[in-house]
Undergrad: 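Dropping the structure in here first, questions after.
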Amino acid sequence: MIVALALSCLVPAITGTLLLRLWWPSRVMVPWWLLLALGAGFGMGLASVLLCFYVLGFGPTPAFPFFETALAGLVAVLAFKLNQTRLTGSGTPSGRPSSRLLLLLGLVFLLTTAAAAGAFLSIMRQQPHGGWDAWMNWGLRARMLFRGGDAWQNAFSSTFPWSHPDYPLLVPSLVVRAWLYAGRETLLGPALVAMSFTFGTVYLLTAALATLRSTSQGLLAGIVLLSTPFFILHGTSLYADVPLAFFFLATMICLELDARHRTVTVRFGVLAGMAAGFAMWTKNEGILFTLAIAAGLVFAGMTEAETRWHRRLRALAIGLIPMLLLVIGFKAAFAPPNDLLSTLSVDRTLGRLADPERYLMVLREYARHISSFGANRFGSAVWVLLAYVLLVGVSRSRLQGSSFVRAGSTAMVLLLAGHFMVFVSMAHELPRLLDSSLDRLLLQLWPSALFLFFLVVRAPEEALVPAQRSLVGGTAG
Amino acid sequence: MTLPTMASRIPVVRARSWAVTRVVAGVLLVLLYVGASSGRWLRRTEAWPSAAAQDEISAYDHRFDGVKSLLPSRGVVGYVSDPLSPEAAAQPGDTTALRHFRRYLLAQYALAPRLLVESTRPEFVIGNFARDIPPSDPGLQVVRDFGNGVVLYRRLQP
């Protein structure tokens, strides 16, 4: 069973990587570790979609793993015949870190990964069904689909609106896939999906920054994410927030690649659209994220007087359309109305919008939760990173020269503002909702925020070169 | 090396050592943060449970093992539980009401893909009680009492 479960992860990871290698522009060199990190995520997203179409056509039958593996074999043959991408053994480091620093960071990264993985497995063993929302929403949906046979549509029955049957299907469908591979229901299935996304996010962040900035910068970002207590703890809860964070991060990375190579290709823009589409297929928050990303691109394009932003937006839309159609199809054909939206009334919403107390309360909670995010016994991750940037400084060229930094940071601010308005206008029990969901919303953005942060903060090796004045942190650049 | 050349090098050396100090302090700060979390992860790893799936949800899941074999494999099944006082039902966030709801959710989770409705109208009705089993609806017949508060009823007349 363990081998079958491992295959349920390996098949989409390899297929996704091979497909990405086919799609990758031949003129852009890529290190294999970034291709694997992004490709595995895209593969998981595609496998989820494949499972849903398979269930639609044949039901949740045990033949699915053979069907999927046969398709993966075809992709492999195609990839080896058509492959043109040049793989490199290294990224594009912006400086030469000392070997002692790299050795130290590499060692810390390995030890932290081992410690976090040990804790993750220990917690999973203690609570294999995850948190309340996990078994009430995602676990129940997976069981309804897997056990339902011909009646799998009951998974979206309106008899249990409390289980949010309108929520998208990425997480439950991946759990069903794992069970189909294993041949039976096992608690290892959801645990494997959760672990793949939790540590896959760390790996993706590290690989992307190691490629786009420097190895030391990638390792620093990776160890901060591994050390964010809520990230690991929430990963074990089996909620969909960590998979969502993975696709937010993948979108951001593809947008950065798009900004770097926009003069030669629009393919990274299409990939960004696909990643945003998978975010929409993971949680409803993905819809707001996609809107925020589109607005961020428009804002960055207009403020830079850039002429190509229409093209970039079009590429994003092309990548997004397949998943958008799938989400719309799912909502129209299967999902009952959203329980929160269906109980809204215009009068009540306007009353809430006119209440200044609600704005103040949400603002206060935003400040409190953001400033204490990622806190452990030493302190909050936000304060640690603030002190870090004051010490090492910001790279002026990265901050001012990258259209992605402007687009990405605008999207994140807009997303937080969007959630702010949702809290103010829609929340019935506002204090309880803020308490239970604000940290999760921040967690969804945390890996992307770390990516942006370490993209613009100077790498240790850059900060040691006294060449230019930095924006923060005085001389020595 | 002449004196003026040495003098001109002093600011560069100072700037360099100041840069080193700042980078070392920054990396040290991050490593202290990482160390605090890693200590926490190691403590959690040490608390490795001797047996898997000994948690409350798994135990609750197993409560319904017996009843599953007597129920149709899918379709709507009724659900009754300990009566909830009107005050508790009306109070949002009341702990009794929340517990009542949680028991219902866990029963639905355990008995999926059957659809559990809080009603005694379906042909089969699950009783899920924390306290003593109350007298049943006159239209219901006890099929089997599985112990531990779980009872299966069947409606006498549709």
Side-chain angles (χ1 to χ4, degrees), chain A residues 101 104-105 108 111-112 115-116 118-119 121-123 125-129 132 135-136 139-140 143-144 147-149 151-152 154-155 157 159-160 162-163 187 220 223-224 226-229 232 376-379 381 384-385 387-388 391-393 429 432 460 463-466 473-477, chain B residues 11-12 14-58 60-61 73-76 92-93 101-102 104-106 108-117:
Chain A
L101 179 67
L104 173 72
L105 291 178
V108 171
L111 290 175
T112 315
L121 292 171
S122 175
I123 297 167
R125 208 167 144 86
Q126 286 164 37
Q127 44 170 52
H129 297 270
W132 180 314
W135 50 262
M136 185 178 92
L140 175 61
R143 283 185 171 191
M144 296 293 283
R147 298 175 179 177
W152 56 266
N154 280 346
S157 169
T159 54
F160 40 74
W162 39 263
S163 129
L187 291 171
L220 274 169
I223 57 176
V224 171
L226 279 167
S227 305
T228 306
I232 299 294
N376 61 19
R377 281 188 179 182
F378 182 70
V384 169
L385 292 180
Y388 181 78
L391 286 164
V392 300
E429 296 169 66
R432 188 184 64 80
L464 287 173
V465 181
T475 55
Chain B
V12 177
R14 275 193 187 151
R16 168 96 188 157
S17 70
W18 175 227
V20 170
T21 309
R22 283 190 292 112
V23 169
V24 168
V27 172
L28 201 64
L29 200 63
V30 171
L31 292 183
L32 283 170
Y33 174 75
V34 170
S37 283
S38 294
R40 181 177 180 171
W41 299 146
L42 289 174
R43 278 193 300 280
R44 293 302 291 249
T45 310
E46 273 177 8
W48 186 270
S50 54
Q54 297 293 301
D55 61 303
E56 180 209 354
I57 313 290
S58 297
Y60 215 93
D61 226 13
S73 61
R74 60 191 68 152
V76 177
F101 184 49
R102 184 178 163 87
Y104 165 64
L105 297 181
L106 285 168
Q108 172 63 80
Y109 180 62
L111 293 169
R114 301 160 190 93
L115 297 169
L116 250 58
V117 290

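First the proteins, then the strands, lettered A, B, ... as listed; each starts at 1.
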Undergrad: Could you have a look at B/Val23, B/Thr21, B/Leu116 and say which one has the most heavy-atom pairs with chain A under 4.5 angstrom?
TA: B/Val23
Undergrad: Can you tell me how far CG of A/Leu187 sits from CG of B/Asp55, rounded to the nearest 0.5 angstrom?
TA: 8.0 Å
Undergrad: Where do A/Gln126 and B/Ala47 come nearest, in terms of heavy atoms and distance?
TA: NE2-O, 3.2 Å
Undergrad: Looking only at heavy atoms and a cut-off of under 4.5 Å, which of B/Gly35, B/Ala110, B/Ser73 has the most pairs with chain A?
TA: B/Ala110
Undergrad: Working to the nearest 0.5 Å, report the span between CZ of A/Phe160 and CG of B/Leu105.
TA: 11.0 Å
Undergrad: Would you compute the distance between atom CE of A/Met136 and atom CZ of B/Arg102 and round it to the nearest 0.5 angstrom?
TA: 11.0 Å
Undergrad: So, the side chain of A/Asn376 versus the backbone of B/Tyr33: is there a donor-acceptor pair under 3.5 Å, distance only?
TA: yes
Undergrad: Tell me, for A/Thr112 versus chain B, whether the close heavy atoms (under 4.5 Å) come from the side chain, the backbone, both or neither.
TA: both
Undergrad: Test side chain to side chain contact (heavy atoms under 4.5 Å, CB included) on B/Leu106 and A/Trp132; report intermediate values, then the result.
TA: CA-CA 10 Å; B/Leu106 285 168; A/Trp132 180 314; over 6 Å; no
Undergrad: Name the region of A/Ser163, side chain, backbone, both or neither, that has any atom closer than 4.5 Å to a heavy atom of chain B.
TA: neither
Undergrad: From A/Arg125 CZ over to B/Trp48 CH2, what is the distance, rounded to the nearest 0.5 angstrom?
TA: 5.5 Å
Undergrad: Nearest 0.5 Å, what's the CD1-CZ distance between A/Ile232 and B/Arg40?
TA: 11.0 Å
Undergrad: Start with the C-alpha distance between A/Ile223 and B/Leu31, add both sets of side-chain angles, then the distance that settles side chain to side chain contact (heavy atoms under 4.5 Å, CB included), and finish with yes or no.
TA: CA-CA 9 Å; A/Ile223 57 176; B/Leu31 292 183; 4.1 Å; yes
Undergrad: So which of A/Leu385, A/Ile123, A/Leu220, A/Leu111 has the largest heavy-atom pair count under 4.5 angstrom toward chain B?
TA: A/Ile123
Undergrad: Can you measure from CH2 (B/Trp41) to OG (A/Ser122) and round to the nearest 0.5 angstrom?
TA: 11.0 Å
Undergrad: List the atom of A/Ala115, the atom of B/Thr45, and the distance in Å for their closest heavy-atom pair.
TA: O-OG1, 3.6 Å
Undergrad: Give the minimum heavy-atom separation between A/Tyr388 and B/Val27, together with the two atoms involved.
TA: CE1-N, 4.0 Å
Undergrad: Counting only non-hydrogen atoms closer than 4.5 Å, does A/Ala155 touch chain B with its backbone (N, CA, C, O), its side chain (CB onward), both, or neither?
TA: neither
Undergrad: What part of B/Glu56 gets within 4.5 angstrom of chain A, counting heavy atoms only: side chain, backbone, both, or neither?
TA: neither
Undergrad: If every non-hydrogen atom of A/Arg143 is compared with every non-hydrogen atom of B/Tyr109, which pair is closest and at what distance?
TA: NH1-O, 2.7 Å
Undergrad: Which one wins on heavy-atom pair count under 4.5 Å against chain A: B/Ala36, B/Pro49, B/Gly26, B/Gly75?
TA: B/Pro49
Undergrad: When you look at B/Leu115 and A/Asn154, which way does the side chain to side chain contact (heavy atoms under 4.5 Å, CB included) test go after all the steps?
TA: CA-CA 8 Å; B/Leu115 297 169; A/Asn154 280 346; 4.0 Å; yes
Undergrad: Only pairs of heavy atoms separated by less than 4.5 Å count here; which of A/Arg432, A/Arg377, A/Arg147, A/Met144 has the most with chain B?
TA: A/Arg147
Undergrad: Kindly assign one of parallel, tilted or perpendicular to the pair A/Trp162 and B/Tyr104, based on the angle between their ring planes and the thresholds 30° and 60°.
TA: perpendicular
Undergrad: Heavy-atom pairs under 4.5 Å with chain B - which of A/Leu104, A/Val108, A/Leu140 has more of them than the others?
TA: A/Leu140
Undergrad: Please tell me whether B/Tyr60 and A/Trp135 form a close aromatic pair, meaning their ring centres lie under 6.0 Å apart.
TA: no
